[in-house]
Amino acid sequence: MALIACGKPSLMLYTAAKMQSILRRPSSAMRKILRYSTQIQPDVDVEKTHLPSEKGAVIPQLDILQHPDFFKVHELFTVRDLFDARVHLGHHEGSLDERMKPFIFGSRLGHLIFDLDITAYHLRQALNFTAHIAARDGIILFIARSSQNTHLIECTALECQEFAHTRYWSGGIFTNSEMQFGAVTRLPDLCIFLNTLNTILTQHIAVRDAAKMCIPSVGIVDTNCNPNLVTYPVPGNDDTPCAMELYCRLFKEAIRRGKEYRTLNQVEDSK
Amino acid sequence: MLLRRVICNNVCYRTYELFVCSNACHLKRYFSTDGEIELCDKMPPSTEKKRGGFAQAFEKYTSPPELKPPTPEKEETFASLLRNSKFTDLGDPQGKVVTGKIFQVVGDDLYVDFGWKFHCVCPRPAKNGSEYVRGAKVRLRIKELELSTRFLGSSRDLTLLEADATLVGLISSPARLPQQPKSS
């Protein structure tokens, strides 16, 4: 891949020394590719990797990923809580997106109802993923376009020391970030969409752009949304303030648990 | 939670409450017979005296409230939750009267939340207009639960993200002065 980026048409034998020099002084194209990487580099000590691991040695980073619910996010909510927060209420049948049909319980006199058992499963997956990202020191960005809940989401982001973007989204924030901000940027490692639609009821540009930049996304998808490009869609109501309060509370708690684990790990490592 | 029958001008109509009132549940549990049975069990059988009705009532209502740990409820399925919900009780929402709470006032526009996905916006009525403030409980007659229609040429409905309802009356308002207690 690096060879193609260099644009050298002729076949050349690249020795190890030559490759090292290319990587140490990367070309402008190479620099751009490296900058847009959102891969979290594992903090592995290079000197130790070639040593054989001791028998019975537990590598903490891999162990927690094998666990289905390490941060116990299933304790954060019940189906009853979702029901009381009106998460099951959907739009009218006329604005239904065909791709949302698998998540719908049914419709009562034209008003769609989400199946909260399916929603609960997806929400647990999303919260678990969020907690793991937070535990690995990832940058999380809350995105929403509902003006009624802007203040709530920004406060939530502030309280869990992450970021939020609930205002007008200019086109190249992800795809042309260097030009947009005039400096080297690091893109978020997770985007949490509390509304996947923008104010004119078309899909938010960030959904597509996050997918383009290989940034995983968690999104609350309502009956009129397209769940395809969202990595962890959570089918549910995104219009009622009490539902939004519930989501904000749950995501904040998941992020807090992830960060708590990280600080504990760091304390143990430093000992 | 509780269906209130309101008689007004010789017209009987039911007012629906879409709000879930969790406080009422706790109150119900406290005054249920379970509490009384527990009290009896605590007394040792040898010293059990037959108490009169007044003595029992006096003890029950003056003793400090017992904070029972919340009993784990049975696993409620979503289907049963929905079947027993206020939304299902409503039936056809067209023309039904519900109670709502004003959560925002912008000039003469009242934003009322009645327990549905959307709020509704009603103009301030001429009568008792100053009492319609944030936190006031009002009665609404629903016209439509969601203002969404399909326009010519589009494949999907366009939604206004609002419900449509008319104000029927005021139930309570924080702006109303508390009534003077009647002195005999």
Side-chain angles (χ1 to χ4, degrees), chain A residues 78-100 103-121 145-149 195 197-203 222-226 235-244, chain B residues 1 18-25 70 72-96 101 103-104 106 111-121 142 144-151 154-164:
Chain A
T78 58
V79 170
R80 175 94 224 190
D81 294 335
L82 297 180
F83 191 84
D84 290 340
R86 310 180 214 168
V87 165
H88 60 292
L89 302 176
H91 285 269
H92 206 263
E93 264 178 341
S95 48
L96 170 68
D97 191 316
E98 295 290 308
R99 292 163 284 216
M100 289 300 292
F103 308 120
I104 307 283
F105 183 74
S107 90
R108 183 167 167 85
L109 295 164
H111 298 103
L112 297 162
I113 307 285
F114 282 107
D115 190 344
L116 283 185
D117 298 322
I118 300 175
T119 299
Y121 167 76
R145 226 28 204 110
S146 147
S147 50
Q148 211 176 4
N149 308 303
N195 291 112
L197 298 179
N198 60 21
T199 43
I200 47 171
L201 299 176
T202 50
Q203 198 179 49
D222 207 339
T223 49
N224 53 355
C225 302
N226 173 14
N237 184 10
D238 66 356
D239 294 305
T240 318
C242 58
M244 296 298 257
Chain B
M1 166 118 335
L18 286 175
F19 285 112
V20 174
C21 198
S22 55
N23 295 334
C25 286
E73 286 175 13
K74 287 188 292 186
E75 274 291 311
E76 289 171 302
T77 61
F78 166 65
S80 71
L81 280 172
L82 185 66
R83 176 64 189 86
N84 301 320
S85 70
K86 289 288 139 195
F87 172 54
T88 316
D89 287 347
L90 204 61
D92 184 10
Q94 168 80 15
K96 293 286 187 327
K101 192 170 170 186
F103 68 93
Q104 179 72 316
V106 179
Y111 289 72
V112 189
D113 171 31
F114 55 94
W116 177 241
K117 186 176 163 80
F118 305 109
H119 57 268
C120 67
V121 186
I142 301 174
E144 272 184 69
L145 276 181
E146 187 181 343
L147 284 168
S148 73
T149 42
R150 188 156 305 186
F151 288 89
S154 61
S155 55
R156 292 220 297 216
D157 278 11
L158 184 73
T159 168
L160 266 182
L161 304 176
E162 252 180 46
D164 192 16

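In the text below, chain A, chain B and the rest are named by the order of the sequence lines, each starting its count at 1.
- With a 4.5 angstrom heavy-atom cutoff, B/Thr88 touches chain A via backbone and side-chain atoms both.
- The minimum heavy-atom distance between A/His92 and B/Ser148, with the atom names listed, is CB-OG, 3.5 Å.
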Steps toward side chain to side chain donor-acceptor pair (under 3.5 Å) verdict (B/Glu146, A/His111) = CA-CA 9 Å; B/Glu146 187 181 343; A/His111 298 103; 5.3 Å; no
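- Taking every heavy atom of both residues into account, B/Phe78 and A/Phe114 meet most closely at CZ-O, 3.1 Å.
- Between chain B and the options A/Leu89, A/Thr78, A/Thr240, the largest number of non-hydrogen pairs under 4.5 Å is found for A/Leu89.
- Scanning for ring pair (Phe, Tyr, Trp, His ring centres under 6.0 Å) contacts around B/Phe103 gives B/His119, with sequence neighbours left out.
- Using a 4.5 Å cut-off between heavy atoms, A/Glu98 makes no contact with chain B at all.
- Looking at heavy atoms from C-beta onward, B/Arg156 lies in side-chain contact with A/Asp97 at the 4.5 angstrom threshold.
- B/Leu161 touches chain A through its side chain: at least one heavy atom from C-beta onward sits under 4.5 Å away, while N, CA, C and O do not.
- In this structure, the side chain of A/Arg80 does not engage the main chain of B/Glu76 through any donor-acceptor pair within 3.5 Å.
- Summarising the geometry, atom OG1 belonging to B/Thr159 is positioned 7.5 Å from atom CG belonging to A/Asp239; distances are rounded to the nearest 0.5 Å.
- Residues B/Pro93 and A/Leu109 approach most closely at CD-CD1, 4.0 Å, considering heavy atoms.
- Distance NE2/A/His91 to CZ/B/Phe118: 4.5 Å, rounded to 0.5 Å.
- Only the side chain of A/Leu201 comes within less than 4.5 Å of a heavy atom of chain B; its backbone N, CA, C and O stay farther away.
- In summary, of the residues considered (A/Leu112, A/Asp222, A/Val87), a side chain to side chain contact (heavy atoms under 4.5 Å, CB included) with B/Lys117 occurs for A/Asp222 alone.
- For chain B, the nearby part of A/Ile113 is the side chain; its heavy atoms alone come within less than 4.5 Å.
- The shortest non-hydrogen separation linking A/Phe83 to B/Leu81 is CZ-O, 3.5 Å.
- Taking every heavy atom of both residues into account, A/Arg108 and B/Phe87 meet most closely at CD-CE2, 3.9 Å.
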